[in-house]
There are 2 protein chains.
Amino acid sequence: MVTQRQLEEREMRRQRILKGALQVYQQEGIEKATMDGIARESGFGKATLYYYFDSKEEIFVELLRTGWEQIWESVEVYIGVTGSPREKFISILKTIARMIADDRAFFGFLFQAPAQMPNLPEERQPWRVHQNRMYGVLRGLLEDGMSLGEFPRMESRLLLRAMGGLFHGLFFLGTPGKEISEEGIDNFLTNLFSGSGLTMDSESRY
Amino acid sequence: MVTQRQLEEREMRRQRILKGALQVYQQEGIEKATMDGIARESGFGKATLYYYFDSKEEIFVELLRTGWEQIWESVEVYIGVTGSPREKFISILKTIARMIADDRAFFGFLFQAPAQMPNLPEERQPWRVHQNRMYGVLRGLLEDGMSLGEFPRMESRLLLRAMGGLFHGLFFLGTPGKEISEEGIDNFLTNLFSGSGLTMDSESRY
DNA sequence: TTAAATTTCGACTGTTCATTCGGAATATTA
DNA sequence: TAATATTCCGAATGAACAGTCGAAATTTAA
């Protein structure tokens, strides 16, 4: 028989291992994210990791899944809220930007890790469920906004990709020293979406 | 003594090996881009690869270097040309888009491979020289264009990153089936840069 | 308190792969 | 043609690392 406490302790140990995996990833990069490293960081013997997880892959997939779940939950909030598509869209992007800024290491992992683990079959990418939902919501908002004239008309798919690239680059590429402020993002979005002439920054007249 | 012909033949063999490496990368992904695979594809014995290259890394770095060199050469042309910054900027992006569309496999490699080979010290990333020059030119054009009012004012760094993300996503991420036309890019750019109200698509009035 | 269940783990196994070894084959030059 | 230089290569080497084994330690239940 298994008590509730035991289940909770197991879960805590799983979390410890996940945390260790993330630490290894951060400190040494994905290359050196070995099971030996995770064992070291999490304070378990290597064999014990396999008591809690089936494989190394499962550990990283679990990290990705919970991460995207978090993102999705922060986005989901805006679905029912009142407000124009444009307002919602920008709120969501700013929320995500804030989440990323608050835990850059974790979200860095979220955005980089999938590229390093190619060739996973669909069913081994459970995080994509939330990822796709999120893109779906954003794209829907974009399209609704366009038909209301709140955004310039363009291919929403293209624009989303640009936004994805922006977020990616914003936090994880190029010169690592340069932090980018929320204000910077704000300006960027304002300018990017001012194409329809609805709001125009006074500085950019001429 | 080494004749000119010998030098040329050596160079041809190096090219053969590089071509083989790219084929392996395309057909099997970076995971399986092994020296055995390259030997197989290029038609040399494995040990022979080491007669022409010091290491596996050198092979891939050489591919990256020549690729970015090509991109740079296509960009460089526009420096001396007459025309507004905005016109030049868009011409350059369209040129690059065309290059990518013409040899998607190669440029896919160019954009994806660096992410898979992290931890290289600066001096082992010679392609960055051309990469940086290109970004410098583009950024310069953006900034000149902004002060002429041809672009909306925004952080050129941010915008470039969005463009980078766009190109990346455009060709190599997401649903692989969907090709994106040059016209699509054209529309996107037009809309993206219509923020200052200089050119306004009639459809997006309201 | 002792048998059963749960948790832990260092050492081992097996595989993959870059790189090297030692010399063979081929081409060039004298 | 013989000596030398260049080009070629399959088999061995060694390192890295995911995953397994068999048993020990600890906790729980009777």
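Residue numbers start from 1 in every chain, and the chains themselves are labelled A, B, ... in the order their sequence lines are given, proteins ahead of strands.
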**Study point:** Gln6(A) CD to dA29(D) C1', straight-line distance once rounded to whole Å
**Key:** 11 Å
Check your understanding: Any chance the side chains of Arg10(A) and Tyr52(A) put a donor and an acceptor closer than 3.5 Å?
Key -> no
Review point. Taking the side chain of Phe44(B) as heavy atoms from C-beta outward, which of dT6(D), dT28(D), dC8(D) is closest to it?
Key: dC8(D)
Check your understanding: Taking only side-chain nitrogens and oxygens of Tyr51(B), does any of them come within less than 4.0 Å of OP1 or OP2 of dT7(D)?
Key -> yes
Review point. Using a cut-off of 4.0 Å between protein heavy atoms and nucleotide atoms, how would you tag nucleotides 15-25 of chain D 5' to 3' with B, S and -?
Key: --SBBBB----
Review point. Would you say the ring centroid of Trp68(B) lies under 6.0 angstrom from that of Phe111(B)?
Key: yes
Check your understanding: Using a cut-off of 4.0 Å on non-hydrogen atoms, how would the nucleic acid contact of Phe53(B) be classed: base, sugar-phosphate, or nothing?
Key -> nothing
Check your understanding: Any salt bridge between Glu57(B) and Arg124(B), counting N to O under 4.0 Å?
Key -> yes
Exercise for review: For Arg5(B) and dT6(D), give me the distance from atom CZ to atom P, rounded to whole Å.
Suggested key: 13 Å
Practice item. Answer with yes or no after comparing the ring centroid distance for Tyr78(B) and Phe89(B) against a 6.0 Å cut-off, counting only values under it. Key: no
**Study point:** Taking every non-hydrogen atom, the tightest pair across Ala113(B) and Tyr25(B)
**Key:** N-OH, 4.1 Å
Practice item. Output yes when Arg40(B) and Glu28(B) qualify as a salt bridge under the 4.0 Å nitrogen-oxygen rule, no when they do not. Key: yes
Exercise for review: Could you tell me whether Arg65(B) and Glu62(B) have a side-chain N and a carboxylate O separated by less than 4.0 Å?
Suggested key: yes
Check your understanding: Can you check the Gln4(A) CD to dT28(D) P distance for me, whole Å?
Key -> 14 Å
Practice item. Compute whether any side-chain donor of one residue and acceptor of the other, for Gln112(B) and Gln116(B), lie under 3.5 angstrom apart. Key: no
Practice item. Walking along DNA chain C from 5' to 3', note the first and the last nucleotide with an atom under 4.0 Å from a heavy atom of chain A, and give both. Key: dT6(C) to dG10(C)
